[in-house]
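Report on the structure given below.
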Amino acid sequence: MSGARVHDSVPHTARPPRPRRGALLAGSVGNFVEWYEFGVYGYFATVIAARFFTPEGGGETEGLVRTYASFALAFFFRPVGAALFGRLGDRIGRRPVLILVIALMTGATTLIGVLPTYATVGALAPWLLTFLRVVQGLSAGGEFGGAVSVMTEFAPPGRRGLYGSWQSFTVALGLLGGAGVAALLATVLTEGQLSDWGWRVPFLLTLPLGLVALGLRLRLEETPAFRHEGGRERPPGREVARAVALGAGRVMGWSAAGYTFLVVLPSYLQKTLHTGFRQALLVTVLANLGFAATIVPAGLLSDRIGRRPVLLTGAGLVVVLSVPLLNLLQDTGTSNAMKGLAVCGAGAVVGLMAGPGPAMLSEMFPTSVRHTGLGLAYALSNAVFSGCAGLIITETMKRTGSVDIPAYYAAATCAVSALALATLPDNRGS
């Protein structure tokens, strides 16, 4: 099963364009909301650390580590959500589960925007924030598997790579949206205003975004593949577990490099290279622009030449370029234009993995376990290699004193991921 292609019994000609477009839109908008919030949390990590995790007299680094620990905890609940909601999605359908998870994500994120801080309620503040992060992690765990299942199950012949790439593309848009809002607030507000109340605004904006997403999903049709094959017998559990482990290995480089370059980078630039908050956000916007630019073309290319060459190219480039990129950013003699071009290129390389990645995972599992299987593979990889990225990088740098840790982390994970990707069948997208 781990290397098999998907063979839906539903004739593709029976799938009219309108439901396909609706599936792309309904699936994409939930991903946008989810990754907008996760991006905002990463971009405001230093502010959140000061407001929730740094009591009077506490150190900044200690607070940042605790902030990333909360960040990681949400990711470790993603596999739980993937198993729980994936099981529901494979039994009762993709549509009702996608409606449920977007409602949970919207509610939890909006509540973060009104939470009392440590100065107001003391030690209760970080616990309340962590609880809401757990709810977000559970809902996000069910989001990916359902959204990718919907997109790829509605895809016409030979277009799963293109359709699946929209999941990753809206991740990029969500991260860009979060970075854009953060940069705008950092521009129009003083540092005091931003720290006092301005950080709440991006979280509160999730409410109208989530309501729009909920409305679109209420109008979503169930996928033809699930209607025809959803009730079929599940493959053996051991076979599914092997495919989940292999899938997690294949996307671990994408997970780690993506969070290193697209989310952790702002805090790294501020704390290690002493870059201003606005400049750090600008660098992050450029990285996400590069990321967004290559995702859909990479998905389309994988439909033509196969998933393996595109994915391996992305992983290999990260291995080769991570250390030179970071050294370039560290060099005070490098022009701002060159630094911007470098981080834009780093994002573009990650996009080569993110474009074909969703379709690759979808094709590893039959319809009866697809929501669960691909959701678990992605969630496990993200829990370990994305959710822990900030914590691992920050703590390792603290212990070793090396400022090159982010580059080593991205390169090492992509090297291991390349080994798993080498086992991928070298056939065209079907």
Side-chain angles (χ1 to χ4, degrees), residues 1 4-34 81-106 138-168 170 210-235 240 358-359 361-379 429-430:
M1 177 175 63
R5 313 299 292 178
V6 175
H7 297 287
D8 297 333
S9 62
V10 184
H12 289 285
T13 55
R15 306 176 190 181
R18 186 172 179 179
R20 289 174 184 167
R21 290 194 296 267
L24 279 179
L25 188 58
S28 299
V29 72
N31 286 299
F32 176 88
V33 173
E34 173 194 339
L84 173 64
F85 293 116
R87 183 73 168 171
L88 283 174
D90 286 328
R91 285 183 174 273
I92 68 174
R94 321 305 191 200
R95 178 181 178 273
V97 172
L98 285 176
I99 291 171
L100 176 59
V101 295
I102 194 61
L104 287 173
M105 173 63 75
T106 301
L138 289 171
S139 60
E143 169 69 33
F144 181 85
V148 173
S149 294
V150 164
M151 293 175 182
T152 56
E153 288 175 1
F154 268 109
R159 286 293 181 267
R160 285 198 187 97
L162 175 61
Y163 271 55
S165 69
W166 279 90
Q167 190 281 333
S168 296
T170 48
L211 291 176
V212 171
L214 184 61
L216 289 170
R217 289 189 170 178
L218 286 170
R219 295 195 292 270
L220 178 67
E221 295 183 11
E222 189 54 77
T223 72
F226 180 81
R227 290 200 304 266
H228 287 74
E229 302 180 38
R232 290 191 176 183
E233 185 178 350
R234 295 164 57 91
V240 176
L361 285 176
S362 180
E363 290 165 349
M364 291 178 66
F365 301 93
T367 304
S368 60
V369 294
R370 182 172 297 134
H371 193 156
T372 305
L374 73 89
L376 268 175
Y378 183 78
S430 58

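Everything quoted here is computed from the prediction, not taken from an experiment. Just so you know, these numbers use all the heavy atoms, side chains as well, and skip hydrogens, waters and symmetry mates.
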Closest non-hydrogen atom pair, V240 against P235: CG2-CG, 3.7 Å
Shortest non-hydrogen contact between G27 and A147, atoms and distance: O-CB, 3.9 Å
Interatomic distance, F154 atom CZ to E221 atom CD [nearest 0.5 angstrom]: 5.5 Å
Which residues share a ring-ring contact (aromatic ring centres under 6.0 Å, His included) with F144, sequence neighbours left out: Y378
Interatomic distance, L104 atom CG to L100 atom CG [nearest 0.5 angstrom]: 5.0 Å
Any pair counted as side chain to side chain donor-acceptor pair (under 3.5 Å), so long as it reaches residues 139-151, sequence neighbours left out: E143-R217
Any donor-acceptor N/O pair, T372 side chain to R87 backbone, under 3.5 Å: yes
Given V33, V29, I99, L98, the one that forms side chain to side chain contact (heavy atoms under 4.5 Å, CB included) with L214: I99
N/O donor-acceptor pair under 3.5 Å between H371 side chain and G93 backbone: no
Set of side-chain hydrogen bond (donor to acceptor under 3.5 Å, both in side chains) partners for T223, sequence neighbours left out: E153
Considering all heavy atoms, the nearest T152-R160 contact: O-NE, 3.8 Å
Straight-line distance of R94 CZ to F226 CZ, nearest 0.5 Å: 6.0 Å
Sub-4.5 Å side-chain heavy-atom contact between Y163 and P156: yes
S362 side-chain N/O to A359 backbone N/O, donor-acceptor pair under 3.5 Å: no
Spacing of R91 atom CZ and S368 atom OG [to the nearest 0.5 Å]: 10.5 Å
Spacing of L25 atom CG and F32 atom CZ [to the nearest 0.5 Å]: 12.0 Å
Residues in side-chain hydrogen bond (donor to acceptor under 3.5 Å, both in side chains) contact with T106, at least two apart in sequence or another chain: none
Nearest heavy-atom neighbours spanning G30 and I102: CA-CD1, 3.8 Å
Residues that A377 engages under side-chain contact (heavy atoms from CB on, under 4.5 Å), provided they are two or more places apart: V244, L361
Considering all heavy atoms, the nearest T170-S28 contact: CG2-CB, 3.2 Å
Gap between atom CG of L162 and atom CE of M151 - 0.5 Å precision: 11.0 Å
